[in-house]
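What follows is a single structure, written as structure tokens, with notes after it.
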There are 2 protein chains.
Amino acid sequence: MSHAASASAPDPLLQLENQLCFPLYALSRMITKAYQPMLQELDLTYPQYLVFLLLWEHQELTVKELGDKLLLDSGTLTPLLKRLEQKQWISRRRDPRDERSVIIGLLPAGRELQQRACQVPEHIFARLNMPLQDFENLRHQLTTLLTQLA
Amino acid sequence: MSHAASASAPDPLLQLENQLCFPLYALSRMITKAYQPMLQELDLTYPQYLVFLLLWEHQELTVKELGDKLLLDSGTLTPLLKRLEQKQWISRRRDPRDERSVIIGLLPAGRELQQRACQVPEHIFARLNMPLQDFENLRHQLTTLLTQLA
DNA sequence: CACGATTTAGTTGTATACAATTTAATATTG
DNA sequence: CAATATTAAATTGTATACAACTAAATCGTG
């Protein structure tokens, strides 16, 4: 009852506080920021780091496969991968068996990044200050929702 | 034991699958995409929609206050708000009592948007296909984590 | 085999995000 | 009260995101 003729009733469903989307959106960005100091030492951005997580595990992946796993399209990945190629961290070559595909591989410098990155996850986990059980629980809930939407 | 001399052991902590950050990052984008069809009809982007959620509730907020609530800085907000001003949905004026601040207010067209937006949250909730209890639970967990990090 | 449909990357254009810097206004302090 | 520190927006530059489109290769079907 404070202000002038503000006709609009404060629909609780339209309040930022009651949305699921907002904490998801904001927390995602805050966690990215929590990675930033460590990733900066590796000269990596957060999405670039995700690409390397996959390459360290699989050695080689096509742009399509990276996109399927990260839920990103070529409009995002192509320029990102070109930047990593310029740094001589990855290789990009057409698949000789299907010239439509581009195979992304690790170059030595990119493979060596893994040694320096291996402390990153523990560091983040520590900063979350969260019991492992809650962590696993939350991860499972988010992953389930993600599967439903994607 | 499949491939060549891949020296790297598959550190499970470095696998995308075991990160909390990735489902958070991916789910945030997927939910934004779930909003997109409805927001497109309102000619709004998702961050613009968040700004309006706050303005519909508070009528007027400074750029600083918007940034505090959305965890966004002026580098993001200023151009976003200028676009909304160009559409005559919001007003931007300096606070006469503190010329450093810019007060964002709703113009009639921006206020009317609320009527058309009020179905958006229910629509999204339906698409999540999730018991209300789980929804509230997840929102609470994310909000708690967010408070810790921000 | 021919040819239209599909698939994969790449390109273009727009809109965030955010670090770093700048500018102007206000607050603080000696 | 003057010098300094702090604060709020804006600006600059880089890197995502993503829709829409293009180009080239492959697939499927008659």
Nearest-Å distance for atom pair [atom1]/[atom2], residues [X] and [N]:
{"X": "A/Arg83", "N": "D/dT14", "atom1": "CZ", "atom2": "P", "answer": "11 Å"}
{"X": "B/Leu72", "N": "D/dT16", "atom1": "CG", "atom2": "C1'", "answer": "15 Å"}
{"X": "A/Leu39", "N": "D/dT16", "atom1": "CG", "atom2": "P", "answer": "11 Å"}
{"X": "A/Ile104", "N": "C/dA9", "atom1": "CD1", "atom2": "C1'", "answer": "10 Å"}
{"X": "A/Arg97", "N": "D/dC27", "atom1": "CZ", "atom2": "P", "answer": "12 Å"}
{"X": "B/Arg100", "N": "D/dA5", "atom1": "CZ", "atom2": "P", "answer": "16 Å"}
{"X": "B/Arg93", "N": "D/dA8", "atom1": "CZ", "atom2": "P", "answer": "18 Å"}
{"X": "B/Leu70", "N": "C/dA17", "atom1": "CG", "atom2": "P", "answer": "10 Å"}

What's [X] touching, base or sugar-phosphate or nothing? Going by heavy atoms closer than 4.0 Å.
{"X": "A/Gln36", "value": "nothing"}
{"X": "B/Leu80", "value": "sugar-phosphate"}
{"X": "B/Thr62", "value": "sugar-phosphate"}

Ignoring the backbone of [X], work out which of [options] is nearest its side chain.
{"X": "B/Arg29", "options": "D/dT16, D/dC18, C/dA25", "value": "D/dC18"}
{"X": "A/Val102", "options": "D/dA25, C/dA25, C/dA9", "value": "C/dA9"}
{"X": "A/Lys64", "options": "C/dA19, C/dA9, D/dA9", "value": "C/dA9"}
{"X": "B/Lys82", "options": "D/dA10, D/dC27, C/dA17", "value": "D/dA10"}
{"X": "A/Lys33", "options": "C/dA15, C/dA19, D/dT26", "value": "C/dA19"}
{"X": "B/Ser101", "options": "D/dA8, D/dA15, D/dA25", "value": "D/dA8"}

Are any of the side-chain nitrogens in B/Lys82 or B/Glu85 under 4.0 Å away from the carboxylate oxygens of its partner?
-> no
Would you call B/Leu20 and A/Ile124 a side-chain contact if the rule is heavy atoms closer than 4.5 Å?
->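 When only atoms from C-beta onward are counted, A/Ile124 and B/Leu20 do not touch, as no gap falls below 4.5 Å.
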Please evaluate the base of C/dA9 for a donor-acceptor partner in the side chain of A/Thr78 within a cut-off of under 3.5 Å?
-> no
Shared hydrophobic cluster, A/Phe52 / B/Leu16 (ILVMFWY, side-chain heavy atoms < 4.5 Å) =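 As far as the 4.5 Å side-chain criterion goes, B/Leu16 and A/Phe52 are connected within one cluster.
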Residues forming a ring-ring contact (aromatic ring centres under 6.0 Å, His included) with B/Tyr25, sequence neighbours excluded = A/Tyr46
Should the pair B/Trp56 and B/Tyr49 be assigned to parallel (<30°), tilted (30 to 60°) or perpendicular (>60°) ring geometry?
->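 Perpendicular: the ring planes of B/Trp56 and B/Tyr49 meet at over 60°.
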Toward the 5' end of DNA chain D, by each residue's nearest nucleotide, A/Thr45 or A/Ser74 |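 The 5'-side residue here is A/Thr45.
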In terms of the nearest nucleotide of DNA chain D, which residue is placed more toward the 5' end: B/Val63 or A/Glu99?
->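 So the residue in question is B/Val63.
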Start at the 5' end of DNA chain C and walk down; is the nucleotide closest to A/Tyr25 or to A/Asp73 reached first?
-> A/Asp73
If you find the nucleotide of DNA chain C closest to B/Leu71 and the one closest to A/Arg92, which residue's nucleotide is nearer the 5' end?
->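 On the 5' side of the pair lies A/Arg92.
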Is the phosphate of D/dA19, meaning OP1 or OP2, less than 4.0 Å from a side-chain N or O of B/Gln40?
-> no
Checking B/Arg83 side chain against B/Gln48 main chain: does a donor-acceptor pair fall under 3.5 Å?
->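 A pair under 3.5 Å: no.
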